[in-house]
Amino acid sequence: MTEKTRSFEAMMLAHLDSAYNLARWLLRDEQNAQDVVQDAYLRGFKYFESFRGGDARPWILGIVRNACFSWLEKNRRADEVLIFDEERDIAIVDARWPAETDSPEQSLLRKVEKARIDQAIAGLAPAFREVIILREMEELSYEQIAQVAGIPVGTVMSRLARARGLLRRALAEPDRGKQK
């Protein structure tokens with residue numbers, strides 16, 4: 001094993017879960033997310049010499065983000081709003097929220113609310129979904145998000161405010177399937 005390989009693994013593999021989480025949310029498909037993350041890590045390894053030290057997480061997530069948007073551009077419109085599929089997407093919901101000892105009614109209500117939140121996030125355009133995922137789930141700073149997305153910090157703040165507003169509105173809307 002070369003020194004480059006050892007260094008890359010030591011610095012970047014710790015962020016594999018974050019990379020997959022970002023790709024899964026941006027692409028909304030588990031298999032495509034796995035493929036894109038693998039491709040991104042190969043790109044990262046190839047260009048590892050360009051990493052100038054510091055926090056490796058924004059660097060590798062930036063590569064993953066770019067790989068996701070390249071995939072979206074190649075395979076579908078980048079601004080496409082994706083449909084929430086409960087069967088497919090519920091695994092993310094359950095993985096994010098800790099299990100609690102609720103009554104069956106409370107557990108069902110919690111699952112329904114988590115599904116509503118995920119549906120609202122899934123309904124965001126990729127640029128807004130990206131900043132929400134990086135800030136709220138991956139807990140990156142505004143500066144780190146700016147580094148990942150390759151945009152100014154002010155744009156991060158603006159997109160995040162807009163994404164939160166869109167989520168608030170989406171979650172405030174009554175379920176569309178209900179009769180008035």
Side-chain angles (χ1 to χ4, degrees), residues 1-97 118-119 121-160 163:
M1 187 180 290
T2 68
E3 182 59 34
K4 176 184 174 183
T5 303
R6 275 192 287 279
S7 295
F8 182 82
E9 286 180 354
M11 296 179 83
M12 303 300 164
L13 288 183
H15 308 296
L16 191 56
D17 288 341
S18 294
Y20 174 75
N21 189 43
L22 176 62
R24 175 73 171 83
W25 274 102
L26 290 177
L27 302 177
R28 303 304 294 158
D29 181 86
E30 189 173 313
Q31 186 61 49
N32 290 333
Q34 291 173 356
D35 292 345
V36 168
V37 168
Q38 183 177 22
D39 181 54
Y41 267 73
L42 287 172
R43 286 184 200 178
F45 182 73
K46 182 177 179 180
Y47 297 103
F48 188 56
E49 292 83 18
S50 70
F51 178 64
R52 302 287 180 227
D55 191 356
R57 190 172 182 207
W59 187 80
I60 195 67
L61 290 180
I63 295 170
V64 170
R65 178 233 187 236
N66 291 339
C68 286
F69 279 102
S70 293
W71 187 95
L72 285 170
E73 188 175 303
K74 182 178 176 183
N75 293 286
R76 51 178 112 155
R77 289 185 40 205
D79 63 345
E80 179 180 344
V81 176
L82 302 168
I83 305 301
F84 177 77
D85 178 339
E86 186 173 351
E87 297 256 338
R88 179 189 71 200
D89 297 336
I90 201 72
I92 287 179
V93 175
D94 290 340
R96 250 193 4 252
W97 294 64
D118 276 5
Q119 185 175 14
I121 293 171
L124 294 173
F128 296 128
R129 191 168 55 236
E130 168 187 46
V131 294
I132 285 289
I133 298 308
L134 291 172
R135 179 68 183 146
E136 303 303 338
M137 294 183 188
E138 295 303 325
E139 300 178 347
L140 267 61
S141 69
Y142 291 174
E143 292 80 14
Q144 289 173 320
I145 296 169
Q147 183 181 350
V148 168
I151 57 177
V153 172
T155 303
V156 170
M157 294 167 64
S158 173
R159 283 186 188 173
L160 194 54

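Only heavy atoms go into these numbers, but all of them, side chains included; no hydrogens, no water, no symmetry mates. Quantities reported herein were computed from a predicted structural model and do not represent experimental measurements.
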- Query: What do the steps show when you test Glu73 against Phe69 for side chain to side chain contact (heavy atoms under 4.5 Å, CB included), and what is the final call?
  - Reply: CA-CA 6 Å; Glu73 188 175 303; Phe69 279 102; over 6 Å; no
- Residue pair Gln147, Glu143: steps toward the side chain to side chain contact (heavy atoms under 4.5 Å, CB included) verdict: CA-CA 6 Å; Gln147 183 181 350; Glu143 292 80 14; over 6 Å; no
- Message: side chain to side chain contact (heavy atoms under 4.5 Å, CB included), that's the test. Do Tyr20 and Gln38 meet it? Break it down for me.
- Response: CA-CA 9 Å; Tyr20 174 75; Gln38 183 177 22; over 6 Å; no
- Item | Test log, rule side chain to side chain contact (heavy atoms under 4.5 Å, CB included), inputs Arg159 and Ile151 | CA-CA 10 Å; Arg159 283 186 188 173; Ile151 57 177; 3.6 Å; yes
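Using a 4.5 Å heavy-atom cutoff, the side chains of Trp25 and Asn21 are in contact. Residues Asp35 and Trp71 fail the side-chain proximity criterion, which asks for heavy atoms closer than 4.5 Å. Side-chain contact check for Arg135 versus Val131: every heavy-atom pair is 4.5 Å or farther apart. In this structure, Ile133 and Ile121 have side chains that are in contact, with non-hydrogen atoms separated by less than 4.5 Å. Using a 4.5 Å heavy-atom threshold, the side chains of Tyr41 and His15 count as touching.
For the pair Ser158 (side chain) and Gly154 (backbone), a donor-acceptor distance under 3.5 Å is absent.
For Lys4, the NZ atom sits in a packed shell: over 12 heavy atoms of surrounding residues, nucleotides or ligands are nearer than 6.0 Å. More than 12 heavy atoms of other residues, nucleotides or ligands lie within 6.0 Å of CZ in Phe45, so this atom counts as buried by the packing criterion.
Counting all heavy atoms, side chain and backbone alike, Gly44 lies closest to Ile63 at CA-CD1, 3.7 Å. Heavy-atom minimum distance, Pro152 versus Ala146: C-CB, 4.1 Å. The two residues Leu27 and Cys68 come nearest to each other via the heavy atoms CD2-O, 3.7 Å.
For Ser7, the side-chain hydrogen bond (donor to acceptor under 3.5 Å, both in side chains) partners are Glu3, not counting sequence neighbours. Checked against salt bridge (charged side-chain N to carboxylate O under 4.0 Å, His left out), Glu136 has the following partners two or more places apart in sequence or in another chain: Arg164.
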Less than 3.5 Å apart, which donor and acceptor atoms pair up between the side chains of residues 51-62 and the rest of the protein, not counting sequence neighbours?
| unit_1 | atom_1 | unit_2 | atom_2 | d |
| --- | --- | --- | --- | --- |
| Arg52 | NH1 | Glu49 | O | 3.2 |
| Asp55 | OD1 | Arg57 | N | 3.2 |
| Asp55 | OD2 | Gln144 | NE2 | 2.5 |
| Arg57 | NH1 | Glu138 | O | 3.1 |
| Arg57 | NH2 | Ser18 | OG | 3.3 |
| Arg57 | NH2 | Glu138 | O | 2.7 |
| Arg57 | NH2 | Glu138 | OE1 | 2.7 |

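Distance check, rounded to the nearest 0.5 Å: CZ of Arg28 to CZ of Arg129 gives 6.5 Å. Between atom CD of residue Glu130 and atom CG of residue Leu124 there is a gap of 11.5 Å, rounded to the nearest 0.5 Å. Here the CZ-CG distance, from Arg65 to Leu134, works out to 9.0 Å after rounding to the nearest 0.5 Å. Remark: Ile145 CD1 to Glu139 CD distance equals 11.0 Å, nearest 0.5 Å. Atom CZ of Arg24 is separated from atom CG of Asn32 by 10.0 Å, given to the nearest 0.5 angstrom.
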